[in-house]
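These notes concern the structure reproduced below.
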Amino acid sequence: MAKNLIEVEHVKKYFPIHKGLLNRVVGNVKAVDDVSITIREGETFGLVGESGCGKSTLGRVILRLQSATSGAVKFNGRDIHSMSSKELNKMREEMQIIFQDPFGSLNPRFLVKDIIGEPLKVHTKMSSSQIEKRVIELMELVGLDASRRNRYPHEFSGGQRQRIGIARAIALNPKFIVADEAVSALDVSVQSQVINLLMKLQREMGLTFLFIAHGLNVVRHISDRVGVMYLGKMVEVGETETLYANPLHPYTAALLSAIPKPTPTKKRNRIVLQGDVPSPANPPSGCRFHPRCPFAQEKCSQVEPALTEVLPGRQVACHFPIGMEGGSDLNSLK
Ligand SMILES: Nc1ncnc2c1ncn2[C@@H]1O[C@H](COP(=O)(O)OP(=O)(O)OP(=O)(O)O)[C@@H](O)[C@H]1O
Ligand SMILES: [Mg+2]
């Protein structure tokens, strides 16, 4: 098995809530609340969950674009949150991020060649003609017409702009890329083109991805393993195919129920999420999902379930995992 490239250990990220004239801290938004995951070298780890559950915050803390409130993030065995800024700068070349919005994340006043070439200018001693040569290579690698390098981003379509962002992200030959909703703003057909491009680059460059999206359908094709987040907690982790075939956490089952199927199946076995996501400033007691869970029992409102390995490679944070002995039964749903 490949070695772990990223080790996230008990990471918390709280945002203080200030109030009143004295600007006193009256509480915390617990955006990420004690998350531990590992990402293996060369794999794609898909991260899903509803809006506001902490996916982007976790991605940013892993890259140390934000500090952690507590916990550690190890890259190749070294804790990046205790590195000096000099060490961190070196590390930055190995870790990159691709953002959601292909319209907002590229500077409209820069030529495409300058956008893609900027990391090379900042982090290497390459001459401008060497940079231009590398930009041409990079544009060809991501399927862009390199003769258009002297144009501005607005002259490109959404999918092409996402390719510009990808070319920029891979310019320094990174090891690890966080793709935060990288395809969410694109049409479905363009989405799969960009996903195929990312998979091609992964094979060719040996990249490791954290691929963030709202829904389980987007991450299925690209992910080796998937982690499901709910209100700042990781609630289930598993190999993609087994997790889709056999969700253990009722929340995972609910996200799967939300994926439209080509042929509508029986109404039974579907979990329809009721109500809104509670506030991460004031999460429910016990299991955070219990107020929305069709299987919740008394214990669920009292005792917080820990993320536990219940099957080889399968972790779930639920007192009554679906299909397990003494667990919940999807067939019991009306
Ligand atoms: N800088 C910040 N200051 C205060 N609160 C923040 C900050 N950034 C994020 N939050 C809060 O932390 C929680 C998690 O936000 P985050 O952006 O990580 O969620 P997300 O899962 O990426 O959501 P989305 O799917 O909408 O992108 C939210 O309640 C959000 O309002
Ligand atoms: Mg986000």
Side-chain angles (χ1 to χ4, degrees), residues 43-56 58-59 96-106 112 139-145 148 153-170 177-205 207-230 236 238-245 247 251-267 269-273 277:
E43 85 167 337
T44 298
F45 189 97
L47 183 61
V48 300
E50 283 163 291
S51 188
C53 70
K55 305 178 297 293
S56 296
L58 180 60
Q96 297 290 328
I97 186 162
I98 306 169
F99 293 102
Q100 163 168 19
D101 176 10
F103 294 91
S105 57
L106 305 176
V112 164
M139 287 182 78
E140 283 166 358
L141 196 59
V142 301
L144 286 168
D145 177 0
R148 299 178 73 200
H154 70 259
E155 299 176 68
F156 291 78
S157 71
Q160 288 170 337
R161 294 163 67 107
Q162 203 52 284
R163 288 173 195 264
I164 297 171
I166 293 169
R168 182 189 152 93
I170 61 171
I177 293 182
V178 174
D180 190 357
E181 310 267 6
V183 300
S184 306
L186 305 173
D187 289 347
V188 175
S189 63
V190 184
Q191 269 187 2
S192 46
Q193 289 167 13
V194 173
I195 286 180
N196 287 338
L197 169 65
L198 290 171
M199 292 173 77
K200 177 187 95 133
L201 294 173
Q202 177 168 52
R203 282 193 303 274
E204 290 173 1
M205 303 176 65
L207 291 165
T208 303
F209 285 129
L210 175 65
F211 189 90
I212 300 174
H214 279 87
L216 276 164
N217 54 339
V218 180
V219 303
R220 181 170 194 164
H221 187 50
I222 194 172
S223 303
D224 300 290
R225 288 190 302 141
V226 170
V228 180
M229 271 185 93
Y230 188 76
E236 179 159 7
E239 304 280 338
T240 308
E241 285 316 313
T242 52
L243 183 134
Y244 282 67
Y251 182 61
T252 312
L255 290 181
L256 284 169
S257 300
I259 300 178
K261 297 215 174 65
T263 45
T265 42
K266 299 167 287 187
K267 273 266 171 290
N269 293 4
R270 286 180 52 107
I271 301 183
V272 180
L273 279 178
V277 185

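We number each residue from 1, following the sequence as shown.
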To the nearest 0.5 Å, tell me how far Ile170 CD1 sits from Leu201 CG. 4.5 Å
Could you tell me whether the side chain of Tyr251 and the main chain of Glu236 form a donor-acceptor pair under 3.5 Å? no
So, for Thr208 and Gln202, which heavy atoms are closest and what is the spacing to 0.1 Å? CA-NE2, 4.3 Å
Would Thr44 and Val219 count as a side chain to side chain contact (heavy atoms under 4.5 Å, CB included) here? Give the steps. CA-CA 9 Å; Thr44 298; Val219 303; over 6 Å; no
Answer whether the closest heavy-atom distance between the side chains of Phe156 and Arg148 falls below 4.5 Å. yes
Quick one: does Glu43's side chain have a donor or acceptor within less than 3.5 Å of a partner on Leu210's backbone? no
Calculate, to the nearest 0.5 Å, the distance between atoms CD1 and OG belonging to Ile271 and Ser257 respectively. 5.5 Å
Euclidean distance, Phe209 CZ relative to Leu47 CG, rounded to 0.5 Å: 15.0 Å
Got a donor-acceptor contact below 3.5 angstrom from the Arg161 side chain to the Pro153 backbone? yes
Nearest 0.5 Å, please: how far is CD in Glu241 from OG in Ser223? 10.0 Å
Note: Leu255 and Val228 closest approach over all heavy atoms is CD1-CG1, 3.8 Å
Quick one, Leu144 and Val112 - any side-chain contact, counting heavy atoms below 4.5 Å? no
One should read off an interatomic distance between Thr240 OG1 and Phe45 CZ, to the nearest 0.5 angstrom, of 9.5 Å
What pairs of donor and acceptor atoms, side-chain ones from residues 182-200 against any protein atom, are under 3.5 angstrom apart with sequence neighbours left out?
{"from": "Ser184", "atom 1": "OG", "to": "Glu181", "atom 2": "OE1", "distance (Å)": "2.5"}
{"from": "Gln191", "atom 1": "NE2", "to": "Val183", "atom 2": "O", "distance (Å)": "3.1"}
{"from": "Ser192", "atom 1": "OG", "to": "Ser189", "atom 2": "O", "distance (Å)": "3.1"}
{"from": "Asn196", "atom 1": "ND2", "to": "Ser192", "atom 2": "O", "distance (Å)": "3.2"}
{"from": "Lys200", "atom 1": "NZ", "to": "Leu141", "atom 2": "O", "distance (Å)": "3.1"}

What heavy-atom pair brings Ile98 and Ala169 nearest, and what distance separates the two atoms? CG1-CB, 3.8 Å
Tell me, please, which residues at least two apart from Phe211 pass ring pair (Phe, Tyr, Trp, His ring centres under 6.0 Å). none
Which is it for Tyr230 and Thr252 under the side chain to side chain contact (heavy atoms under 4.5 Å, CB included) test, yes or no, and what are the steps along the way? CA-CA 10 Å; Tyr230 188 76; Thr252 312; over 6 Å; no
For Pro247 against Leu256, the heavy-atom pair lying closest together: CG-CD1, 3.6 Å
Spell out, as yes or no, whether a donor-acceptor pair under 3.5 Å connects the side chain of Arg168 to the backbone of Leu106. no
